[in-house]
Number of protein chains: 2
Amino acid sequence: MDSSLEPKVEIDLLKLDNQLCFPLYAASRMLTKAYQPFLLALDLTYPQYLVFMLLWEHEQLTVKELGEKLMLDSGTLTPLLKRMEQKQWVSRRRDPDDERSVIIGLTPAGQALQTQACRVPEQLLEKLDMSPTEISALRTQLTHLLAQLT
Amino acid sequence: MDSSLEPKVEIDLLKLDNQLCFPLYAASRMLTKAYQPFLLALDLTYPQYLVFMLLWEHEQLTVKELGEKLMLDSGTLTPLLKRMEQKQWVSRRRDPDDERSVIIGLTPAGQALQTQACRVPEQLLEKLDMSPTEISALRTQLTHLLAQLT
DNA sequence: CAGTATTTAGTTGTATACAATTAAACATTG
DNA sequence: CAATGTTTAATTGTATACAACTAAATACTG
């Protein structure tokens with residue numbers, strides 16, 4: 001009796017519904033989409049918004065530091081930062097003390113954008129209808145998962 | 001005393017560390033990367049693997065049905081499915097009963113791939129060092145979040 | 001100090017994502 | 001049944017992601 005059910009366990013692991021990966025993948029994309037209307041009003045993409053959050057906090061960061069914090073490499077960041085430079089939001093210059101590094105800094109326009117953006121997080125939270133406790137718990141678990149994967 | 005601390009609340013919401021979105025975004029990409037070595041051995045990308053999981057379960061699905069289940073539109077799926085067709089894994093044909101729809105079916109090679117893939121989920125779980133309870137709890141919360149965003 | 005190794009961005013090529021538009025097939029309605 | 005509206009994929013254009021490679025600068029080492 002039991003043996004006839006055994007193989008089913010393995011098969012079911014291949015079902016989309018039983019995966020951890022798919023809800024994570026889908027939720028990430030949908031959450032990014034939820035930001036869209038607010039970010040579009042600022043002419044920002046979601047990864048650009050992440051870069052801004054770091055620069056608003058740290059003023060100046062090298063491409064390497066941005067890459068470490070965002071877990072993105074130069075293949076992604078260089079073109080992204082060039083687009084942000086074209087929009088006059090950030091400056092890109094070699095570090096005089098180490099010409100290998102490129103320092104990304106905020107322009108006045110980039111600074112000013114913080115004022116417009118400061119309401120984005122709350123606007124998004126309103127969309128969610130989750131308690132701060134729930135959100136905090138989810139963040140904790142995701143951070144834990146992330147640590148496993150690093 | 002208290003009033004001088006008030007504004008800090010809003011500012012902190014703009015810090016990367018306090019966001020829900022970033023851990024979600026990063027964990028999703030890192031988990032996808034964790035699949036890489038296993039999927040590379042099958043010459044698969046992660047979204048292609050998701051399509052396969054659905055087709056192994058359902059045998060045949062239209063582009064629209066795949067799009068609903070994966071929350072992806074034809075702009076993403078059409079080129080992805082064309083690449084899968086080129087690799088002889090799936091067939092693409094118009095539905096005779098409704099020429100607007102395109103039915104995606106598995107070829108024998110696509111069927112056969114299931115045998116190779118069936119160990120992927122367990123191999124990935126080994127990487128995680130999370131209890132089934134933890135994983136299940138995370139999936140539940142992500143599914144709940146996903147529902148909020150739909 | 002010369003030669004080698006490492007670090008850092010940038011470049012190239014491929015594969016998603018997704019908004020906006022197009023085109024064909026089907027459905028609806030007067 | 002003709003005109004209009006809707007549905008479904010495909011196409012176009014832009015922006016990530018990321019592996020693999022390149023090039024320049026710096027660090028290291030005998």
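Letters A, B, ... mirror the listed sequences (proteins, then strands); counts begin at 1.
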J.: Nearest whole angstrom, please: distance from the C1' of C/dT14 to the CG of B/Leu44.
T.: 15 Å
J.: Let me spell it out: for each of A/Met30 and A/Val102, pick the nucleotide of DNA chain C with the closest heavy atom. Which residue's pick is nearer the 5' end?
T.: A/Val102
J.: Are the side chain of A/Glu134 and the backbone N or O of A/Ser131 linked by a donor-acceptor pair below 3.5 Å?
T.: yes
J.: Relative to the 5' end of DNA chain C, which residue comes earlier, B/Glu99 or A/Glu68, by the nucleotide with the nearest heavy atom?
T.: A/Glu68
J.: Looking only at side-chain atoms of A/Thr76, point me to the closest of D/dA17, C/dG10, C/dT16.
T.: D/dA17
J.: In whole Å, what is the span from the CG atom of A/Asp97 to the P atom of C/dT8?
T.: 14 Å
J.: From C/dA19, D/dA9, C/dA25, pick the nucleotide closest to the side chain of B/Val63?
T.: D/dA9
J.: OP1 or OP2 of C/dC18 sitting under 4.0 Å from any side-chain N/O of A/Gln36?
T.: no
J.: Checking B/Glu65 side chain against B/Thr62 main chain: does a donor-acceptor pair fall under 3.5 Å?
T.: yes
J.: DNA chain D: B/Asp98 or A/Asp95, which has the more 5' nearest nucleotide?
T.: B/Asp98
J.: What pair of heavy atoms forms the shortest contact from A/Trp56 to A/Leu113, and how long is it?
T.: CZ2-C, 3.7 Å
J.: Expressed in angstrom and rounded to an integer, what is the separation of B/Leu66 atom CG from D/dA10 atom P?
T.: 11 Å
J.: Once you apply a heavy-atom cut-off of 4.0 Å, does B/Thr45 come out as touching a base, just sugar-phosphate, or nothing?
T.: sugar-phosphate
J.: Can you identify which nucleotide, out of D/dA10, C/dT16, D/dT16, has its nearest atom closest to the B/Leu80 side chain?
T.: C/dT16
J.: Among C/dC18, D/dT7, D/dA10, which nucleotide has an atom closest to any side-chain atom of A/Lys33?
T.: C/dC18
J.: Quick one: is A/Thr62 getting a side-chain N or O under 4.0 Å of the C/dA9 phosphate, OP1 or OP2?
T.: yes
J.: For B/Ala34 versus A/Leu149, what's the shortest heavy-atom pair and its separation?
T.: CB-CD2, 3.9 Å
J.: Expressed as a whole number of angstroms, how long is the span from B/Leu40:CG to C/dT14:P?
T.: 16 Å
J.: Nearest to the B/Arg92 side chain among C/dC26, C/dT6, D/dA10, which nucleotide is it?
T.: D/dA10
J.: Taking CG from A/Leu77 and P from C/dT11, how many angstroms apart are they, rounded to a whole number?
T.: 14 Å
J.: Take the protein atom CG of B/Leu81 and the nucleotide atom P of D/dA9, then report the distance between them rounded to whole Å.
T.: 10 Å
J.: Between the side chain of B/Gln141 and the main-chain N/O of B/Leu138, is any donor-acceptor distance below 3.5 Å?
T.: no
J.: Could you give the NZ-to-P distance, from B/Lys64 to C/dC26, as a whole number of Å?
T.: 16 Å
J.: What nucleotide among D/dA9, D/dA17, C/dT11 has an atom nearest to a side-chain atom of A/Ser74?
T.: C/dT11
J.: Just to confirm, is there a sub-4.0 Å distance from OP1 or OP2 of D/dT11 to any side-chain nitrogen or oxygen of B/Lys82?
T.: yes
J.: B/Arg29 side chain: which of C/dC18, D/dA24, D/dC18 is closest?
T.: D/dC18
J.: Choosing from C/dA19, C/dT16, D/dA27, which nucleotide comes nearest the side chain of B/Asp73?
T.: C/dA19
J.: At under 4.0 Å between heavy atoms, what does A/Thr32 touch on the DNA or RNA strands: base, sugar-phosphate, or nothing?
T.: nothing
J.: Rounded to the nearest 0.5 Å, what separation is found between the CD atom of B/Gln148 and the CE atom of A/Met30?
T.: 14.5 Å
J.: Counting side-chain heavy atoms from C-beta on, which of C/dG10, C/dC18, D/dA15 comes nearest to A/Arg83?
T.: D/dA15
J.: Rounded to the nearest Å, what distance is computed from the OH atom of residue B/Tyr25 to the P atom of nucleotide C/dT16?
T.: 17 Å
